[in-house]
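Notes follow the structure.
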Amino acid sequence: MSTPPDSLDSLEARLARVAQSLDGAAEQYAHKRSPSTVAAGSPRATRIRRMTGIASIAGIAAAVLLVGSIVRDQRRKDDAGVVAMSGVGANPSTFPFVGQLTIPVENHGTPSQMYTFIDGTAKVDATERITIESAIDVDIDQDGIQELALLMQRWADTPEQAAPSDAPYGSTVAIYKRVGSSLKLHTSMEGSVDRIDGLGTRSGGLVIARQVEGKPTVAAISESIIRDAVLDWAAPNRTLTVSELSTLDKSPREIRFRLRTTSGLIIADLGKRAGWFRAEAGQMLHIDATSVPTGTTRTVTIRRRGAPAEDAPLATAALPGPMQFSLPTDDEYEVLVGEGDSRVTFELAIDQPGTVSTVTTALYAPTVPASVPLAEIPTPSIVSGASTISSPDSLADSSVG
Amino acid sequence: MSADSEALRATRSRIPRPATNSRAAAFTEFVASEGIRLRKVLTARYGVETGGDIYAETLAWAWQNWDKLDDMTNPVGYLYRVAQSSARPHRRWMKRNAFPANIPERWHLDEDPSLFDSLRSLPDGQRVAVLMVHGHKWTYSEVAEVLDCSVAAVTNHVHRGLAALRQLLEAEEL
């Protein structure tokens with residue numbers, strides 16, 4: 001666009017006046033300040049700088065508070081605890097509860113890092129092996145709280161019964177917290193547990209307040225959920241590798257284990273799961289559902305482990321049972337849980353007929369496929385091989401006795 | 001050629017590059033010559049007070065880094081960049097550098113308010129180029145040296161700025 005000469009001249013003249021005015025004003029403004037002020041910046045610049053500094057400090061403080069809040073929330077969410085009692089696992093047949101193990105398998109942490117889950121009884125060493133001498137999952141549900149309360153009370157009442165001869169009972173209580181993908185030792189307490197002062201929940205976890213050598217101590221136990229875990233809850237000194245855990249299917253599901261070594265009662269919370277166990281000939285398998293949605297049934301199938309898919313199952317049952325089955329040979333058996341939208345909880349117990357004995361072994365392998373066509377499975381509630389022995393209730397009772 | 005450029009040329013021919021033992025004197029002479037140019041540009045870009053503040057901060061920086069400036073071929077262009085960095089805190093609080101910002105009435109800059117308003121609405125680069133070329137009668141190359149850009153860029157700024165200014169003024173008159 002061209003500008004007419006007269007217009008441009010007029011505009012240039014106006015611009016010149018404006019420029020001159022600005023220049024004069026700028027000179028006056030500069031002369032208003034002493035050389036020191038010039039060197040240090042103008043009062044206004046100093047004021048702005050000061051305000052900026054204050055704002056920055058306030059911003060940083062707010063950011064720190066925000067980050068702290070987020071971290072605290074995350075820690076609260078991540079809290080998972082392990083209560084470990086040293087010495088009490090030395091003779092698992094003596095003690096109904098021998099500890100608790102929580103493994104966040106979904107993100108199980110750095111395998112090469114050593115975690116001592118249970119002091120003296122279970123640990124993850126640098127070779128990525130978890131050695132579990134014996135352990136028990138103390139769940140967060142009401143039963144778990146009651147069980148733990150009962151356990152603690154029992155220990156408090158009869159320490160000589162619970163304590164092995166070579167290790168002082170309850171000498172160390174260690175609390176582990178899950179921080180991100182790792183288990184970190186939160187705190188440990190030396191000394192015997194005198195008594196239980198209270199139970200409650202905090203941050204989604206279980207809080208145990210108790211006296212340790214006369215000092216009130218609060219220990220937080222949070223969720224103990226074993227996700228996608230393959231754990232060999234066999235007799236003491238079983239081992240499994242962390243790398244095995246990491247290769248499992250990561251579908252969202254969970255297994256809870258409870259092992260009562262005196263009774264051999266296993267409670268497996270499997271959902272749509274399958275697992276296997278090893279048993280001896282003549283041992284009795286008891287299956288009894290503890291939670292099946294009302295009006296529904298879930299099929300449980302027993303097969304020899306590794307048998308061809310076309311082989312007929314050894315036994316089937318429709319949960320809720322109960323079901324009892326005499327295991328015919330020394331072998332490994334699969335337990336397959338049928339399709340269903342909801343999770344069921346049922347109990348497996350393996351006993352010598354007519355007696356209550358210790359479980360020899362049980363391994364729940366989430367990756368075992370449910371290879372039996374469900375439509376072909378007959379659904380009697382009790383199948384062959386049943387014999388009358390101790391009921392699950394009596395097993396449970398005996399387990400804590 | 002503008003009076004500023006003549007004075008600058010004379011100053012440059014008269015003043016040797018600052019030596020270490022006469023640092024203060026060299027700095028003073030630098031401010032008296034190229035510093036004036038820098039102040040004009042900063043005033044045109046940021047206004048009287050903000051531009052003056054930035055100018056002062058830039059000179060403080062120049063004093064502290066005089067050895068670094070001594071080796072440069074275009075120290076005033078570099079200082080203009082320093083001034084732009086110094087302007088960031090001002091921009092943060094002001095959102096935008098209103099031209100001419102915070103002019104006290106005693107400076108009587110309201111003689112041509114419509115032109116000031118039109119200049120304020122121009123982009124910074126165009127406003128600076130127009131004011132330097134048509135207000136202070138600088139050559140394109142002198143403006144390019146201080147702004148540390150090409151002459152072509154200054155030419156574009158001037159032409160576009162003038163066209164926009166003319167449109168704005170005509171619109172106001174209508």
Side-chain angles (χ1 to χ4, degrees), chain A residues 1-70, chain B residues 4 31 35-36 39-40 42-44 46-61 63-64 86 88-90 92-94 99-100 102-104 106-112 114-116 118-119 130-138 159-160 162-167 169-170:
Chain A
M1 181 184 296
S2 62
T3 305
D6 54 342
S7 169
L8 182 59
D9 289 344
S10 169
L11 183 57
E12 284 219 12
R14 292 170 69 184
L15 284 170
R17 282 197 299 273
V18 166
Q20 192 174 3
S21 299
L22 284 171
D23 200 26
E27 196 168 351
Q28 288 181 49
Y29 186 67
H31 287 168
K32 281 172 64 65
R33 292 170 304 185
S34 65
S36 61
T37 309
V38 172
S42 68
R44 185 167 180 274
T46 305
R47 187 171 64 248
I48 290 174
R49 215 180 288 123
R50 188 178 300 128
M51 292 173 68
T52 305
I54 293 170
S56 300
I57 291 170
I60 290 170
V64 167
L65 291 174
L66 179 63
V67 170
S69 168
I70 292 172
Chain B
D4 287 338
V31 171
I36 298 299
R39 190 187 71 195
K40 291 179 189 292
L42 293 179
T43 304
Y46 297 109
V48 174
E49 284 201 350
T50 306
D53 292 343
I54 295 170
Y55 172 62
E57 292 171 22
T58 304
L59 288 187
W61 186 93
W63 171 251
Q64 293 170 347
S86 302
R88 285 178 191 148
H90 297 266
R92 186 161 57 191
W93 287 98
M94 295 165 56
F99 171 88
N102 304 321
I103 297 180
R106 62 179 178 276
W107 291 340
H108 307 295
L109 291 181
D110 54 351
E111 296 171 351
D112 199 345
S114 63
L115 185 56
F116 272 119
S118 300
L119 284 169
V130 165
L131 274 174
M132 291 299 105
V133 171
H134 291 285
H136 291 291
K137 310 299 182 189
W138 287 16
H159 283 264
R160 290 172 185 168
L162 273 182
L165 201 57
R166 187 165 167 269
Q167 277 188 341
L169 291 172
E170 285 177 353

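Each chain gets a letter, A, B and so on, in the order its sequence line appears, and its residues count up from 1. As the structure is a computational prediction, the values presented were derived from the model and not from experiment.
Annotation: side chain of B:Leu115 is not in contact with side chain of A:Arg17 (no heavy-atom distance under 4.5 Å). In this structure, B:His136 and A:Leu15 have side chains that are not in contact, with every pair of non-hydrogen atoms separated by 4.5 Å or more.
In plain terms, the two heavy atoms of B:Leu131 and A:Leu22 that are nearest each other are CD1-CD1, 4.0 Å.
Using a 4.5 Å cut-off between heavy atoms, B:Leu165 contacts chain A through its side chain alone, with no backbone atom that close.
Within the model, atoms NE2 of B:His134 and CZ of A:Arg14 stand 14.0 Å from one another, a figure rounded to the nearest 0.5 Å.
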